[in-house]
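Order of the sequence lines sets the chain letters (A, B, ...), proteins ahead of strands, with each chain counted from 1.
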Amino acid sequence: MKSQALDVPFEATILRIEEGEDGRLAWVEYRGVRVQVSLAFVPNARPGDRVLVQGRVALSLISEESDHAVH
Amino acid sequence: MRFIDEYRNPRLAQQLVEKIRKTAHKTWRIMEICGGQTHTLIRYGIDELLEGAVDLIHGPGCPVCVTPLEKIDRALAIAKMPGVIFTTYGDMMRVPGSRGDLLQAKAEGADVRMVYSPMDAVRLAEQNPDREVVFFAVGFETTAPANAMAVLLAKKKGLKNFSILVSHVLVPPAVRIILDDPDNEVEGFIAPGHVCTVMGYREYEVLAEEYQVPFVVAGFEPLDLLQGIDMLIELLEQGRAEVRNQYTRSVRREGNLEAQRVMYEVFEVADMLWRGIGRIPMSGFKLKQAYVDFDAEARFQVSTIQTEEPAVCIAGAVLQGKKKPIDCPAFGKECTPEHPLGAPMVSAEGACAAYYTYRRFQEAADAV
Amino acid sequence: MPFECPIPIQDYDTVTLAHGGGGKLTQKLITELFQPALDNPYLRELHDGAVVPWEDGRLAVTTDSYVISPPFFPGGNIGSLAVHGTVNDLAMCGAKPLYLSLAFILEEGFRLKDLWEILVSIREAADRLGIHVVTGDTKVVERGKGDGIFINTTGIGRVLPGIEISPRRIRPGDKILLNGPIAEHGIAILSLREGLSFETDLESDTAALWPLVEEMLKVGKDKIHALRDATRGGIASAVNELAQSAGVGMVLEESEIPVREAVQGACEILGLDPLFVANEGKFLAFVDPEIAEEMLRIMRAHPLGREARIIGEVVDEHPGIVRLKTWLGGSRVVEMISGEQLPRIC
């Protein structure tokens with residue numbers, strides 16, 4: 001199968017955050033799909049924020065205003 | 001949905017294609033470094049839309065493509081040991097070692113499992129205290145922080161049955177190899193947006209200055225890439241060797257410092273073998289002394305397994321953009337997607353596989 | 001060091017899961033083992049069912065095994081799937097389903113309550129089609145030697161008079177119709193798999209397609225050239241197989257292929273291409289361009305084809321190859337999958 005599991009980052013919205021024994025975890029939604037990701041590297045993330053996810057780990061907070069791809 | 005679809009707007013895409021075509025007064029040879037970007041370019045047919053204005057060279061940024069044969073052989077050896085649960089990202093299952101791949105090892109009874117995150121592997125280790133759980137830690141700077149975090153977590157939990165087989169590579173040293181080559185034809189680079197999300201882009205500023213080539217950090221949505229290419233073509237046309245950031249919504253100049261902190265807590269930079277390219281100094285990660293207990297190569301004593309790459313395969317030159325896949329004597333003969341000699345023929349995004357598909361199409365079209 | 005090539009994928013000396021993936025390796029199994037061993041004109045058709053001459057008409061015969069894990073999933077269970085799948089293979093031969101056989105391989109320890117629920121689904125699915133399960137068989141294997149329940153069904157149907165469905169009848173100019181959004185079955189099943197841990201509200205599209213196909217055949221008759229349900233390997237495998245066996249090229253329009261939001265999302269997250277993901281209630285119809293619009297109307301008027309689209313056409317150029325025009329205006333070749341799909345989705 002053409003699986004690029006390794007290299008598929010996606011930008012998702014945080015639905016809710018849980019403090020687990022394995023650190024801060026969040027359920028995020030991308031296009032109607034919900035997955036659980038680690039927020040270890042984005043300590044300031046809050047529900048409603050968008051994050052870049054790869055390998056089920058959030059790598060950055062997405063900031064809309066600084067974006068110029070569509071503006 | 002709203003956000004992502006903005007980056008897939010056909011009208012905006014068309015406008016950017018026209019702009020790039022207008023701006024480019026010659027065919028610029030540019031390299032997108034990252035395999036994820038290559039995937040988008042091929043997936044949406046962007047390479048074809050830009051033909052004539054831009055010659056896109058697919059770079060070495062596909063972890064499947066650059067993981068050396070030797071590591072695959074070691075992975076196979078570990079996976080086949082009794083009591084081992086070998087976990088890996090799905091992509092690595094089909095990468096051929098000297099004899100077979102992980103999929104085949106699984107068919108022969110090895111307990112090989114696909115996971116989507118190294119944390120899943122840690123969880124498996126916790127749930128299976130009587131088994132050895134090994135995670136195949138491959139990838140670029142993007143996956144390194146998560147893999148480091150998995151090691152920290154396993155340490156915190158006191159797990160003695162978790163280890164990782166490290167094959168981490170770094171982007172800038174590979175770019176340096178490409179630029180150092182006297183035959184290099186790459187005139188500008190699309191830098192990998194998700195690697196830069198972690199690392200920032202200061203390293204690329206050094207490269208731009210030193211080699212006088214421009215870089216644009218770009219995301220991986222179609223519009224991100226088109227805009228990144230547009231920005232790069234403008235820099236090239238103006239003769240400016242600078243770094244620009246298209247992917248500002250995710251990439252800051254200094255990167256994600258917390259991710260870097262965790263990564264450098266566990267890993268240190270070391271020489272690394274690249275499939276088809278060979279050893280590149282200081283181009284990868286190894287576990288630091290303090291975490292060496294988690295090193296699968298030491299734990300399972302597989303470091304003695306050493307493998308030469310097939311001599312006929314020119315994967316290295318292809319990955320560096322020095323040669324086209326059709327220059328390879330094995331291309332389409334001994335080496336096909338069903339029977340890959342080198343990794344660029346394995347991954348759908350690999351330069352050789354992409355060429356193979358394209359050529360098959362051309363030949364069929366010409367036959368009419 | 002002497003030149004040593006890795007073991008080529010086609011030379012696996014044991015069965016791998018990829019052999020069951022519906023892609024190139026499955027094809028190899030068929031062309032290199034099954035065909036040479038059993039070769040005859042019926043098998044040579046390489047269709048999911050065989051059409052055999054009978055007094056007073058033609059019969060279609062097909063058989064299929066179901067090993068889906070887990071056996072219960074959103075939108076159905078292994079029982080309804082075992083009826084739909086086999087009936088669909090008959091429908092793709094242009095045959096009205098008549099009779100079904102039903103064989104179980106049960107693992108010691110499987111709950112009778114679950115078996116009952118599966119049987120009820122089988123009965124309901126058969127009743128909706130007005131067909132009967134006329135014979136059956138049960139085997140039980142020791143705990144650990146099966147996975148709860150496997151089902152095999154064989155179906156017999158009668159090919160409607162005047163109907164001639166065969167890949168060989170596909171010709172340049174034919175329009176390619178699809179009855180609705182793709183990849184839902186595969187993604188719904190994957191969402192249940194341990195380790196993948198994602199959630200969606202998607203359901204499997206498992207459905208018996210005959211009622212819609214019958215409506216189409218009544219009107220389209222011999223202007224319907226070929227039908228193919230897009231199960232394992234998705235629509236990509238279906239179009240590739242047909243392009244190869246008919247020796248024609250095909251061009252698909254990406255923007256015309258319906259994919260639900262959550263399917264698209266899940267595919268991107270998992271690194272899958274929806275074109276390669278399994279369906280259990282979707283089929284492609286290759287029809288004479290003259291009747292394409294009428295067929296589309298018939299499909300859309302039917303509950304099984306509300307979101308039907310004309311997704312492409314058959315062309316003279318690049319025989320054996322399927323090209324996809326992306327919504328961005330570029331194009332790419334739609335390859336046949338060669339590696340593993342995720343196993344046991346049907």
Cut-off 4.5 Å, heavy atoms of chain C, and the answer for B:R43 is both
Is the number of heavy atoms from other residues, nucleotides or ligands within 6.0 Å of CZ (C:R306) greater than 12?
yes
How long is the span from the CD atom in C:E254 to the OH atom in B:Y44, to the nearest 0.5 Å?
7.0 Å
What pair of heavy atoms forms the shortest contact from B:E48 to C:S331, and how long is it?
OE1-OG, 2.6 Å
Between C:L328 and B:P10, which heavy-atom pair has the shortest distance, and what is it?
CD1-CA, 4.4 Å
Is there a side-chain contact between B:P222 and C:W327, using heavy atoms and a 4.5 Å cut-off?
yes
Shortest non-hydrogen contact from C:T14 to B:E108?
OG1-CG, 4.2 Å
NZ of C:K325: more than 12 outside heavy atoms within 6.0 angstrom?
no
For residues B:K106 and C:L17, determine if any side-chain heavy atom of one lies less than 4.5 Å from a side-chain heavy atom of the other.
yes
For residues C:I269 and B:Y116, determine if any side-chain heavy atom of one lies less than 4.5 Å from a side-chain heavy atom of the other.
no
Gap between atom CG of B:L103 and atom NE2 of C:H19 - 0.5 Å precision:
9.5 Å
Could you list the residues that satisfy side-chain hydrogen bond (donor to acceptor under 3.5 Å, both in side chains) with B:D230, not counting sequence neighbours?
B:K19
In terms of side-chain heavy atoms, does C:T16 have a donor or acceptor partner in B:Q104 at a distance below 3.5 Å?
no
